[in-house]
Student: 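Shown below is the structure under consideration.
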Amino acid sequence: MTNLKLQYKPGEIEPKWQNIWEKGNIYEAKDFAKTDKYYLLVEFPYPSGAGLHVGHVRSYSSMDAYARKKRMEKYNVIFPIGWDAFGLPAENYAIKLGIHPSITVKENIDNFKRQMKALGLSFDWSREINTTDPKYYKWTQWIFLKLFEKGLAYQSEVEVNWCPFCKTNLADEEVNSDGTHERCGTMTVKRMQKQWLLRITNYADRLIDDLKLVDYSDKISIQQKNWIGKSEGATIKFQIPDHKSQIEVFTTRPDTLYGATFLVVAPEYAKANLLKLVSKEKEELLSKYIDISLSNANIERDLGEKEKSGVDTGLKAFNPAIGKEIPIWVSDYVLAEYGSGAIMAVPAHDERDFAFAKKFGLPIISVISGGNISEVAYTGCGEIIDSGSWNGLTVPKDNTKIVFDIEKKGWGKREHSYHIRDWVFSRQHYWGEPIPMIHCEVCGIQPVPEKDLPVELPYVEKYEPSGTGESPLANIGLWVNTICPKCGGKARRETDTMPNWAGSNWYYLAYLFADKLGISGFQWFDELTIPSKVEGSPISNLKLSKNEEKNKFINIFYENKKKIKYWMPVDLYQGGFEHTTLHLLYSRFIYKFLYDIKVVPTPEPYMKRRSHGIVLGSDGRKMSKSFGNVINPDQIVGKYGADTLRLYEMFMGPFDQMVAWSEESVEGCFRFLRRLYKLFGEKIGKESDKELEMRLHQTIKKVSEDIENLKFNTVVASLMEFSNYWGDSSGLAKNDAREFIKLLAPLVPHFAEEIYQRDFAGSSSLQWFDELTIPSKVEGFPVTNELTGPQTENGKFHSVHLQEWPKYDPKLIIESTVTIAVQVNGKLRGTINIESQVTSHKSKVLVMAKENPRIAKWLEGKTIKKEIYVPGRLLNFVF
RNA sequence: GCCCUCGUGGCGAAAUUGGCAGACGCGCAGGAUUUAGGAUCCUGUCCCGUUUAGGGGUAGAGGUUCAAAUCCUCUCGAGGGCACCA
């Protein structure tokens, strides 16, 4: 006997429902709907050639479950997706294959999209965006123009991290702590080059302070704070009497000023400011030292402790506190980029200064009591000594008093310093947004006028990096040579492009008006035949929309202000830990800028941020081709179905923790679904087992709460637990089974839809979306004949995913009897079962416990000192 | 070196946030079914104690508490971030 109702066939039901959902547009977010909005954002992927990683699947299917539950709770949910397709990897991949990046990117996107659809993810595909579309990056460029206009984008000759393999400059954030490039692992070198920078440092305080406004997990906000690295301290001026010059230093320990026995400046500082002051014989020595330390590529210098080196400049500075002159030295242990590039050395109370003083025989004077400075620097707290009027003060308690005194005496002033530096925003690569700037021979740097945006990336035959430090775009005369927007004279375009982080700065806004960008559905790529293939021609056939006449610039942000106001801020943003000090920080900065220029309505873009743990290979190592431990989600979907994969990835472990892949556990999840499928076919009764009904309501409570807290692993566990009870019971009433299938819907959407449509849809009358004011498409839609399966109501199909989320009955979750643990002196000696009404009567519970022979035995002949009762839970006799 | 997170069965883990440690799943063992394999179903599964009574147990050592996986101190170990940041 084969009963079809008992056989779970994911391969058949999954494509069927994916198809029907897509036709029904049931996941479309509705602008301005009256129900509460919920903006759920997952980081949009970079579409790599490797296809979707099971790590993506973990994040996306968990958030998909969250989105589905929120929809069922009547929120107007926006759950969009797009492609972050610019950047080095896309370019390197294209170079490797010898195919133009625009083509490989399109292929990769198609593959990603196919995989996502096969997982049944409920993205609103009508809002799909792509950062490499000129219609999109027009606005990435516009933001740059605004930054330039407000003085936040500037060009400067700076020391940059150069990757010899990728042949480009990198941001500090892209370089690992060992000096290697985070993408390719090549050791980077430092070199000087003219670069575009963004003044993220102007926002440092706000980026720290506004963390108070948002709910980020501790790990994330601490890491951001540390990265910005704000230190409180003071700047102190040291005069150089012989030369009527001065050196300003930053210190976090102004309290040790009396112990400052010499100054040290960075080689860069010395080169710029001191070389001209020193005596002839010192000059040669000094130049030599400076040259060596600067040419050292700074790798050694950046890497931890090495033997201190330095040169005495022969110059003297006046320490205003002790009223004496102290020597000025140069050493590469002082960093040019931090503070002012010069420090006051207090060897008694700083380990580095101590090592330096020991090596060169400089005086070490203790001004804080507590340590033994003959051995090692004392960096702890204590009482100030030998420091004039500060004697007797203690640090760090009296630090503000000291700084106040320093200000009063005119020695210096209170100051902050930051670890974070300005963001190096140019790359010498082809595959990125061109920086919309023009260099005029006469007028200098000129921004491209807004109406001329976008500056389109031209078609190029050779997009390999040149290695000269210039972008490949520099060789395309047709594109580079232009006229100055100001004087009309000869000019050249900026040939650097933006880093791959540029497009993701504002993508969550682009979703809100993707239709207005005119980019959804790959219009650009469909036209991508690269018609002329003329070097320097734009690769898109970008057409201006009808209302976008030439010379008339319509600002998309202002045009869509209402939508932005309706949807922003993002309610929950989910993504990887690895972006904490990169994308997450960058996009907060840019969003704050947009707030300042009144494009967005709130100071912070993301109200809540959570990160997921990575998925490791079954050997516990990072998944990688070279280890041969990569799991392809397609194979798992093919073997067990998308619902099994989704369920497993939620069940595998705590969402924020990394977990190793286990195929056996995947199988366990598949078995669970198969058993459950049978239960729905077999064990539906007229009436629910009373006990089971209680379990159901407990499960509703647990599942609702745990999804909200992103504890997906215990959600799955409690669903399994209920299923086990169900299997052992006499049966579940149809009404209760309908509630249970709704609980399953967010996690295993195809499975739930199949059973819901088969067994429950006809009798349902709750269609919450009828209450929405906006939609016309979304209300039950006609089901055509070609679609078999769904039961219909008046010819309309109502998805389980738009049913109302189950509510538990607080009366039904109370167990009729409760087990109380009974302890004697804190040790468990037995348990008693009591009616739940009795739990609030301590005296009755005490009597019952004492009557219990297993417990009585332990109490015999003892005088009870204390009886601690935790209602409904535990009783402890103490003697 | 500094900052953060974590350490619970053979494995992934759970524990109402201080209240019966090990839910749920995997694996394993025994049984049923099967010509056999697979699949499925039932039973068991922290350790010592043959069973019971009991004892021990959440990396280790202390502490707070009637009560600690959970809080505090130290030690060890793993992971992540920063790193000559004055």
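Order of the sequence lines sets the chain letters (A, B, ...), proteins ahead of strands, with each chain counted from 1.
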Student: Side-chain N or O of R829(A) less than 4.0 angstrom from OP1 or OP2 on C20(B)?
Tutor: no
Student: If the P atom of G62(B) is compared with that of A69(B), how far apart are they to the nearest Å?
Tutor: 15 Å
Student: Please work out whether the ring planes of F680(A) and W726(A) are parallel, tilted or perpendicular, with thresholds of 30° and 60°.
Tutor: perpendicular
Student: Are OP1 or OP2 of A14(B) and a side-chain N or O of N713(A) less than 4.0 angstrom apart?
Tutor: yes
Student: Indicate whether OP1 or OP2 belonging to C66(B) is found under 4.0 Å from a side-chain N or O atom of K866(A).
Tutor: yes
Student: Is T819(A) near enough to C20(B) that one of its side-chain N or O atoms lies under 4.0 angstrom from OP1 or OP2?
Tutor: no
Student: Quote, to the nearest angstrom, the P distance that separates U16(B) from U33(B).
Tutor: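 Per the computed distance, 44 Å lies between those P atoms.
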Student: Look at the aromatic rings of F356(A) and Y333(A) and report parallel, tilted or perpendicular, splitting at 30° and 60°.
Tutor: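 Correct class here is tilted.
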Student: If you go through the side-chain atoms of R873(A), does one of them form a donor-acceptor pair with the base of U16(B) closer than 3.5 Å?
Tutor: yes
Student: Do the side-chain N or O atoms of H349(A) get closer than 4.0 angstrom to the phosphate oxygens (OP1, OP2) of A86(B)?
Tutor: no
Student: Are R671(A) and G27(B) close enough that a side-chain N or O sits under 4.0 Å from OP1 or OP2?
Tutor: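 Checking R671(A) against G27(B): at least one side-chain N or O falls below 4.0 Å of OP1 or OP2.
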Student: With respect to the phosphate group of C24(B), does any side-chain polar atom (N or O) of K711(A) fall under 4.0 Å of OP1 or OP2?
Tutor: no
Student: Which part of the nucleic acid, if any, lies within contact of N724(A), taking any heavy atom under 4.0 Å across all strands shown: a base, the sugar-phosphate backbone alone, or nothing?
Tutor: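 Contact class for N724(A): sugar-phosphate only.
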Student: Suppose we call two aromatic rings close when their centres sit under 6.0 Å apart. Are F651(A) and F712(A) close by that rule?
Tutor: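 So the answer is no for these two rings.
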Student: From A23(B), G56(B), C3(B), pick the nucleotide closest to the side chain of K827(A)?
Tutor: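 The listed nucleotide nearest to K827(A)'s side chain is G56(B).
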Student: Can the ring centres of Y640(A) and Y648(A) be said to be less than 6.0 Å apart?
Tutor: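 No, too far apart.
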Student: So does K308(A) reach the base of C84(B) with its side chain, donor to acceptor, closer than 3.5 Å?
Tutor: yes
Student: Below the 4.0 Å mark, does A13(B) have OP1 or OP2 next to a side-chain nitrogen or oxygen of Q657(A)?
Tutor: yes
Student: Can you check the M652(A) CE to A13(B) C1' distance for me, whole Å?
Tutor: 12 Å
Student: Determine the contact category for N876(A): base if any of its heavy atoms lies under 4.0 Å from a base atom, sugar-phosphate if only primed atoms, P, OP1 or OP2 are that close, otherwise nothing.
Tutor: base
Student: Could D350(A) and R253(A) be called an ion pair, given the rule that one side-chain N must be under 4.0 Å from one carboxylate O?
Tutor: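 No, no charged N to carboxylate O under 4.0 Å.
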Student: Quickly work out the R421(A) CZ to C82(B) P distance and round it to whole Å.
Tutor: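 Going from CZ in R421(A) over to P in C82(B) covers 13 Å.
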Student: Using atom CG of L679(A) as one end and atom P of U40(B) as the other, report the distance to the nearest whole Å.
Tutor: 14 Å
Student: Whole Å only: how far is the CD1 atom of I832(A) from the P atom of G19(B)?
Tutor: 19 Å
Student: Pick the P atom in C74(B) and in C66(B), then give their distance to the nearest Å.
Tutor: 24 Å
Student: Using atom CD1 of I222(A) as one end and atom P of G79(B) as the other, report the distance to the nearest whole Å.
Tutor: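 Going from I222(A) (CD1) to G79(B) (P), I get 21 Å.
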Student: Strictly below 4.0 Å: does Y338(A) bring a side-chain N or O up to OP1 or OP2 of A86(B)?
Tutor: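 Yes, within the criterion.
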